[in-house]
Visitor: 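Following this message is one structure expressed as structure tokens.
Just the heavy atoms: all of them, side chains too, but no hydrogens, waters or symmetry mates, feed the values below. Just so it is clear: chains get the letters A, B, ... in the order the sequence lines come, proteins before strands, and each one is counted from 1.
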There are 2 protein chains.
Amino acid sequence: MTPLNNTFKALSDPSRRKILQLLRTQDMTAGEIANHFSISKPSISHHLSILKQADLVQDEREGQNIIYSLNTSVLDDLITWFLDLTDTSGKENS
Amino acid sequence: MTPLNNTFKALSDPSRRKILQLLRTQDMTAGEIANHFSISKPSISHHLSILKQADLVQDEREGQNIIYSLNTSVLDDLITWFLDLTDTSGKENS
DNA sequence: TAGATATTTAGATAATAATCTAACTATCTT
DNA sequence: AAGATAGTTAGATTATTATCTAAATATCTA
């Protein structure tokens with residue numbers, strides 16, 4: 001399983017993309033993130049775990065809280081993937 | 001359902017991403033595309049239909065063949081989405 | 001028009017993924 | 001140490017998705 005596959009799978013869910021958008025502005029605890037959704041805390045925890053596996057977010061415990069933050073390095077890889085796709089310099093027809 | 005959601009859903013499958021990579025170099029008929037895979041033709045047809053719905057590819061009949069080509073305009077929107085996410089100018093902490 | 005080729009559509013099945021409640025772990029406070 | 005708070009893990013259920021075979025549609029050619 002290519003590493004990018006995890007990333008795309010992670011991005012395929014709207015809740016997970018919303019989480020990334022939330023973290024764009026500021027780091028947040030799991031609870032704060034969950035407050036922005038109507039689904040249960042365990043579900044959010046599950047989404048966070050998938051985002052973590054995909055290396056799209058990082059987490060760090062601070063007392064009772066676990067603070068999540070965006071990890072932009074993998075996103076850079078994705079942008080490269082897309083730019084590569086839209087770079088039609090190797091295209092033969094049309 | 002946001003339009004970008006279709007796009008992300010479409011990109012979440014490795015076969016569909018491989019199809020996009022194939023079309024990057026040259027336009028191809030459905031059959032030619034299917035020849036690059038070990039899964040059945042109807043399955044590929046299904047994948048192509050999802051890519052078409054997501055506006056990631058276009059198709060045009062030419063005789064018995066249906067020729068598929070990449071539609072980069074939606075990919076540009078995606079790149080914008082990613083760039084927006086990695087643009088941390090609005091970030092308050094860390 | 002009959003047969004061959006290219007592709008899609010229909011319908012069924014199997015694998016994945018999202019979600020829930022209940023229970024567990026970790027940390028803090030008193 | 002007991003209780004409260006924050007978060008995760010387990011296990012089950014439901015919904016979604018990928019895939020298959022069989023049948024249908026469209027086009028070409030003899």
Visitor: Show the distances under 3.5 angstrom between N or O atoms of the protein and N or O atoms of nucleotides 21-29 of chain C.
Guide:
unit_1: C/dT27; atom_1: O2; unit_2: A/Q64; atom_2: NE2; d: 3.3

Visitor: Which residues pass the side chain to side chain contact (heavy atoms under 4.5 Å, CB included) test with B/N71, not counting sequence neighbours?
Guide: B/D55, B/Q58, B/S73

Visitor: Check whether any side-chain heavy atom of B/L11 sits under 4.5 Å from a side-chain heavy atom of B/L20, and report yes or no.
Guide: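 Side-chain contact under 4.5 Å: yes.
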
Visitor: Kindly give the heavy-atom pair with the smallest separation between B/A34 and B/K41, and that separation in Å.
Guide: CB-CG, 3.9 Å

Visitor: Nearest whole Å is fine: how far is D/dT8 P from A/D59 CG?
Guide: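 Value for this atom pair: 8 Å.
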
Visitor: Check whether any side-chain nitrogen or oxygen of B/N65 sits under 4.0 Å from OP1 or OP2 of C/dT7, and answer yes or no.
Guide: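 Indeed, a polar side-chain atom of B/N65 lies that close.
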
Visitor: Heavy atoms from C-beta onward define the side chain here; which of D/dT17, D/dA18, C/dA18 lies closest to that of A/R16?
Guide: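 Selected nucleotide (nearest to the side chain): C/dA18.
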
Visitor: Considering only C/dT19, C/dA17, D/dG7, which nucleotide approaches the side chain of A/K9 most closely?
Guide: C/dA17

Visitor: From the set C/dT8, C/dA18, D/dG7, return the single nucleotide nearest to any side-chain atom of A/I50.
Guide: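 Between C/dT8, C/dA18, D/dG7, the one nearest the side chain of A/I50 would be C/dA18.
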
Visitor: Find the distance B/K52:NZ to C/dT9:P and express it as a whole number of Å.
Guide: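 So the two atoms are 7 Å apart, to the nearest Å.
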
Visitor: Measure the distance from CG on A/L48 to C1' on C/dA18 and round it to the nearest whole Å.
Guide: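 Value for this atom pair: 14 Å.
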
Visitor: Nearest whole angstrom, please: distance from the C1' of D/dA26 to the CD1 of B/I66.
Guide: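 It works out to 8 Å between those atoms.
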
Visitor: Does A/T29 put a side-chain nitrogen or oxygen below 4.0 Å from OP1 or OP2 of D/dA6?
Guide: no

Visitor: Same cluster for B/I50 and B/L23 if Ile/Leu/Val/Met/Phe/Trp/Tyr side chains link at under 4.5 Å?
Guide: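 The answer is no; the residues belong to distinct hydrophobic clusters.
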
Visitor: If you look at every strand shown and take non-hydrogen atoms under 4.0 Å, does A/S49 touch a base, only sugar-phosphate, or nothing?
Guide: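 The answer is nothing, as A/S49 stays clear of every strand by at least 4.0 Å.
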
Visitor: List the residues meeting side chain to side chain donor-acceptor pair (under 3.5 Å) with A/N65, not counting sequence neighbours, and say none if there are none.
Guide: none

Visitor: What integer distance in Å separates A/F37:CZ from C/dT19:P?
Guide: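 These atoms are roughly 10 Å apart.
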
Visitor: Any base atoms under 4.0 Å from A/Y68, or only sugar-phosphate, or nothing? Heavy atoms, all strands.
Guide: sugar-phosphate

Visitor: Closest heavy-atom contact between B/R16 and B/H47?
Guide: NH1-ND1, 3.0 Å

Visitor: How far apart are the closest heavy atoms of A/Q64 and A/R61, and which atoms are they?
Guide: O-NH1, 3.6 Å

Visitor: CG of A/N5 versus P of C/dT16: gap in Å, rounded?
Guide: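 It is 12 Å, rounded to the nearest whole Å.
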
Visitor: In whole angstroms, how far is the C1' atom of C/dT16 from the CG atom of A/N6?
Guide: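 Nearest whole value for this atom pair: 14 Å.
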
Visitor: How is A/H46 classified with respect to the nucleic acid when contacts are heavy atoms under 4.0 Å: base, sugar-phosphate, or nothing?
Guide: base

Visitor: Rounding to an integer number of Å, can you tell me how far B/E60 CD sits from D/dA26 P?
Guide: 18 Å

